Amino acid sequence: MPETLHAASPGKPRVRFAPSPTGFLHVGSARTFIFNWLYARRNHGTMILRLDDTDVERNTDASVNSIFDGLKWLGLNWDEEYKQSERGDLHRKMAETIFQKGLAYRDFTPAHTSDSERSGAQGTWLFNLGMRELSRAESDRRAAAGEPFALRFRVPRDGGVVHFTDAVYGEQTKAAADIEDFALLRSDGMPTYHLASCADDADLRISHIIRGQDHLSNTYKHILIFEAAGFTPPQFAHLPLLVAPDGTKLSKRRHGPVVSVTTYRDAGFLPEAFINFLCLLGWSPKNDREQMTRQELIDAFSLEGINRANAVVNFKESAEPSNVVIPTPSEEGEKGRNLLSAPEDTFDPKALWLNAEHIRGLTIDDLTRRLLPIVQEKYPRVTSEKMLRITPLIRERIKLLRDVLTAADFFFVDQLPPYDPAELIPQKGDAAVAAKVLQRAKEVLANVEFKHDPLDQALRAAAQELGIKAGQMFQPIRVAVCGRKNAPPLFETLEVLGKESTLARIDRAMKKLS
RNA sequence: GGCGCUAUCGUCUAGGGGUUAGGACGGAAGAUUCUCAAUCUUCAAACCCGGGUUCGAUUCCCGGUAGCGCUACCA
């Protein structure tokens, strides 16, 4: 009777996210983490983070940090953590078990032998000539003599099939004849991904492997390994891939910073909005709900809601990909921010909309707390009290947190940046009207309390006196005070700005006009 | 090349043998408003192709096509 993976806690799933730390945290990886996490939380299971760092050549500490940073920003947690590189003994033990059962063999063929030199070169490569049939005695002798070898799985050649049921893709069957004798151990004794992954999944009693669909065909190999080592394979659930608008798999090289999670953080996405967005790619709650909180996602999540077709992340492809600055993990910590004043329209419109929705759902206090660091980085003198008054004026006008810098800039500066005086001229008016409005506004505002209602009354009355429409009255003032035509509502703006600044800016505008 | 997976508006998706094929984003038009935004209303927009099965297929089956994935001593 094979050991069962569910022995320790029947019914409670144990899932894992197992990234290889070879680059920054990718949006696809983040989504895989999230789906695992959702599944664990939904079913009161255990979320495990395992660094699959068996590729010593390509692993970097910077990458590990990038992954941790990204997950931390997203507010995602896990219950257990492992490093594959520290578990080599376990992996080798499993290899040994399989070898002793005769289900694996030593392959003394030098690494990087070209396909044409391999057996079955006219079709698919399955195994290296001669090695599979080497006698045990001969194999032992050559190994003892110090000849390097890779350990390969002896895939059955008796016409059988490998089968499993995927929670997303259903019944999966493949003829063993189509599976090559894949490596378990490299010639330097290091385990391959397939071996290490299965050994750890078995040892950690993983109950559900939820991972990218790019592993669907690898799963047959994994089933073979689990069974050879005497374990019941876990449940599998493969996720459709995230692809670029051109249909290709997201890649840092081709698509640049839009595939890095930190790009979204630095651009001013809310972590909960970003998670929400990712969840909607390849999964549906099937009730037309889109905007959901973390808890709502947990409550709604199920493997049945996952679909099978790849999902496009609909970002705008950069016109000149060669100019795209790709943040390397080492840069991201400190300098990552300035590479990324990524223009708003590079992001998926749905992500932007969801972010705006989540922003609107925040309380003024909460939103202020998130806005303040961004503002203070550029305008250190802005206080929390002041920001608290500004936030309500821009909450419905920003899609990204960073938009605060352009939406509310005029609140933060002493002196307005230069603007075209022609902007001061209202609809159906001329410079004379503008001058008249500003002059009158100056007089009126000098003697009015800077509160919404008094301002409203005073300015409307002034418009009437001048015989112009309210809009014609407000526009020159708005431009004088904000430096542009599109801005938050006027009276609220003046109230926050205060009498002194307002009058000073109107003065300056009048000088510009003449 | 071999093997596997997939295919509903531009995008994310719901649906499923008989429907006006639903929702959302984005787009367009309008309402509202001191501008912008938000909000509301309306409009345009899809079942890859060909064979079956069936009284009837977008839905089920087969084939094609296309896309993607795997095919490493990468993960």
Side-chain angles (χ1 to χ4, degrees), chain A residues 18-22 52-55 57-59 84 107 109-113 115 120 122-126 148-152 166 168-170 172-175 177-180 182-194 196-197 212-221 238 240-241 243 245-249 277 280-291 307-314 348-354 356 360 393-399 407 426-427 456 459-460 463 469-475 477-479 482 484-491:
Chain A
S20 65
T22 55
D52 277 8
D53 54 352
T54 52
D55 185 357
E57 301 279 302
R58 300 194 300 151
N59 293 330
Q84 206 162 54
D107 181 352
T109 310
H112 311 302
T113 301
D115 281 356
Q122 71 266 59
T124 316
W125 174 83
L126 289 175
F149 62 87
L151 190 72
R152 285 187 185 282
D166 189 272
V168 174
Y169 289 90
Q172 301 295 318
T173 306
K174 184 168 183 165
D178 289 324
I179 303 170
E180 76 280 7
F182 53 93
L184 259 19
L185 251 28
R186 303 187 182 111
S187 46
D188 61 3
M190 288 292 285
T192 62
Y193 159 74
H194 298 302
S197 175
Q213 189 242 51
D214 46 348
H215 286 294
L216 194 61
S217 4
N218 285 332
T219 305
Y220 299 102
K221 296 173 189 170
H238 286 89
L241 264 21
V243 298
D246 66 4
T248 61
K249 195 174 160 181
F277 170 65
L280 262 16
L281 295 172
W283 172 79
S284 163
K286 299 187 188 291
N287 60 1
D288 287 344
R289 288 231 36 206
E290 304 232 82
Q291 202 216 130
N307 36 250
R308 290 170 283 278
N310 290 171
V312 173
V313 181
N314 200 16
D348 189 315
K350 194 122 187 187
L352 252 11
W353 169 76
L354 268 173
R360 279 176 228 130
L393 303 188
I394 58 162
R395 181 166 55 169
E396 282 168 358
R397 276 164 257 265
I398 59 174
K399 288 194 164 98
Q427 283 286 310
D456 188 335
L459 259 13
R460 278 182 203 280
K469 290 182 152 184
Q472 290 178 298
M473 180 81 201
F474 301 156
Q475 198 63 5
I477 304 174
R478 187 197 320 285
V479 173
C482 303
R484 65 182 124 90
K485 285 179 172 170
N486 298 341
L490 187 60
F491 312 128

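Computed from a prediction, not measured in an experiment: that's the story for all the values here. Below, chains carry the letters A, B, ... as their sequence lines are ordered, and counting in each starts from 1.
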*Candidates B:C3, B:A14, B:U39 - which lies nearest the side chain of A:Ser284*: B:A14
*Which nucleotide, B:U71, B:G69, B:A75, lies nearest any side-chain atom of A:Ser217?*
B:G69
*Within the structure shown, what part of the strands sits under 4.0 Å from A:His194 by heavy-atom distance: base, sugar-phosphate, or nothing?*
base
*Should B:G1 form a Watson-Crick or G-U wobble pair with both distances under 3.5 Å, which nucleotide is its partner?*
B:U71
*Nearest-0.5 Å distance that lies between atom NE2 in A:His194 and atom OG1 in A:Thr219*: 10.0 Å
*For B:U20, give its Watson-Crick or G-U wobble partner with both distances under 3.5 Å, or none.*
none
*Short question: side chain of A:Arg308, backbone of A:Val168 - any donor-acceptor pair under 3.5 Å?*
yes
*Taking the side chain from A:Asn59 and the backbone from A:Asp53, do they hold a donor-acceptor pair closer than 3.5 Å?*
yes
*What does A:Pro148 touch in the nucleic acid at a heavy-atom separation under 4.0 angstrom: a base, only the sugar-phosphate, or nothing?*
nothing
*Give a yes/no on whether any side-chain N or O of A:Arg397 is located under 4.0 angstrom from OP1 or OP2 of B:A38.*
no
*How far does the C1' atom of B:G69 sit from the matching atom of B:A45, given to the nearest Å?*
31 Å
Might you list the N or O atoms of the protein lying below 3.5 Å from N or O atoms in nucleotides 43-47 of chain B, with each pair's distance?
none

*On a whole-Å scale, what distance lies between the P atoms belonging to B:G27 and B:G10?*
16 Å
*Find the distance between CZ (A:Arg360) and CD1 (A:Ile398) and round it off to the nearest 0.5 Å.*
10.0 Å
*Answer with base, sugar-phosphate or nothing: what part of the nucleic acid does A:Arg395 contact at a heavy-atom distance below 4.0 Å?*
nothing
*What nucleotide, of B:C73, B:A75, B:G23, holds the atom closest to the side chain of A:Tyr193?*
B:A75
*Taking A:Thr192 for its side chain and A:Leu184 for its backbone only, find out whether a donor-acceptor pair lies under 3.5 Å.*
yes
*Look only at the side chain of A:Asp166 and the backbone of A:His238, and say whether a donor-acceptor pair between them is shorter than 3.5 Å.*
yes
*With heavy atoms under 4.0 Å as the rule, sort A:Lys249 into base, sugar-phosphate or nothing.*
sugar-phosphate
_Partner set under salt bridge (Lys or Arg N to Asp or Glu O under 4.0 Å) for A:Arg395, not counting sequence neighbours_ = none
Under 3.5 Å, which N/O atoms of the protein pair with N/O atoms of nucleotides 27-32 of chain B?
none

*Measure from the side-chain heavy atoms of A:Phe474 and tell me the nearest of B:C3, B:C34, B:C73.*
B:C34
*Between B:A44 and B:A29, how far is it from one P atom to the other, in whole Å?*
15 Å
_When the C1' atoms of B:A24 and B:U8 are compared, how many Å lie between them, rounded to an integer?_
15 Å
_Touch class at under 4.0 angstrom, heavy-atom based, for A:Lys286 against every strand present_ = sugar-phosphate
*Under 4.0 angstrom, heavy atoms only, what part of the nucleic acid is A:Phe491 near: base, sugar-phosphate, or nothing?*
base
*How would you list, by chain and number, every residue that makes a salt bridge (Lys or Arg N to Asp or Glu O under 4.0 Å) with A:Lys399, sequence neighbours excluded?*
none
*Using the C1' atoms only, state how far B:G15 lies from B:A7, rounded to an integer number of Å.*
16 Å
*asked:* By nearest heavy atom, map A:Asp52 and A:Asp288 onto RNA chain B; which one lands nearer the 5' end?
replied: A:Asp288
*Across the strands shown, which category fits A:Asp107 at heavy-atom distances under 4.0 angstrom: base, sugar-phosphate, nothing?*
nothing
*Contact state string [nucleotides 5-11 of chain B, B base, S sugar-phosphate only, - no protein heavy atom under 4.0 Å]*: SSS---S
*asked:* When you measure from the side-chain N and O atoms of A:Asn218 to the phosphate of B:G4, is any distance below 4.0 Å, counting only OP1 and OP2?
replied: no
*Any residue meeting salt bridge (Lys or Arg N to Asp or Glu O under 4.0 Å) with A:Glu180, in chain and number order, not counting sequence neighbours*: A:Lys221
_5′-ward residue of the pair A:Leu241/A:Gly471 relative to RNA chain B_ = A:Gly471
*With both distances under 3.5 angstrom, what nucleotide forms a Watson-Crick or G-U wobble pair with B:U39?*
B:A31
*asked:* Can you tell me the base-pairing partner of B:U53? Count Watson-Crick or G-U wobble geometry only, both distances below 3.5 Å, and say none if there is no partner.
replied: none
*Could you measure between the two C1' atoms, the one in B:C73 and the one in B:U65, and give it in whole Å?*
38 Å
*Have a look at A:Gly212 and say if it touches a base, only the backbone sugar-phosphate, or nothing, with a 4.0 Å heavy-atom cut-off.*
nothing
*Exercise: identify the closest heavy-atom pair between A:Ser187 and A:Pro148*: CB-CB, 4.3 Å
*Whole-angstrom distance between B:A37 and B:U19, as gauged at atom P*: 41 Å
*Expressed as a whole number of Å, how far does the C1' atom of B:U59 sit from that of B:C47?*
9 Å
*Give A:Ser187 one of three labels, base, sugar-phosphate or nothing, depending on what nucleic acid heavy atoms sit under 4.0 Å from its own.*
base
_Categorize A:Ser197 for me: base, sugar-phosphate, or nothing, with a 4.0 angstrom heavy-atom threshold over every strand shown._
nothing
_For B:C25, the Watson-Crick or wobble partner whose two distances fall under 3.5 Å_ = B:G10
*Quick one: label A:Leu490 by what it contacts on the DNA or RNA (base, sugar-phosphate, nothing), any heavy atom closer than 4.0 Å.*
base
*Counting only N and O atoms by type, is there a donor-acceptor contact under 3.5 Å from the side chain of A:Gln291 to the main-chain atoms of A:Leu354?*
no
*If you measure from OH on A:Tyr193 to CD on A:Gln84, what distance do you get to the nearest 0.5 Å?*
8.5 Å
_The side chain of A:Trp353 is closest to which nucleotide in this list: B:A75, B:C25, B:C73?_
B:C25
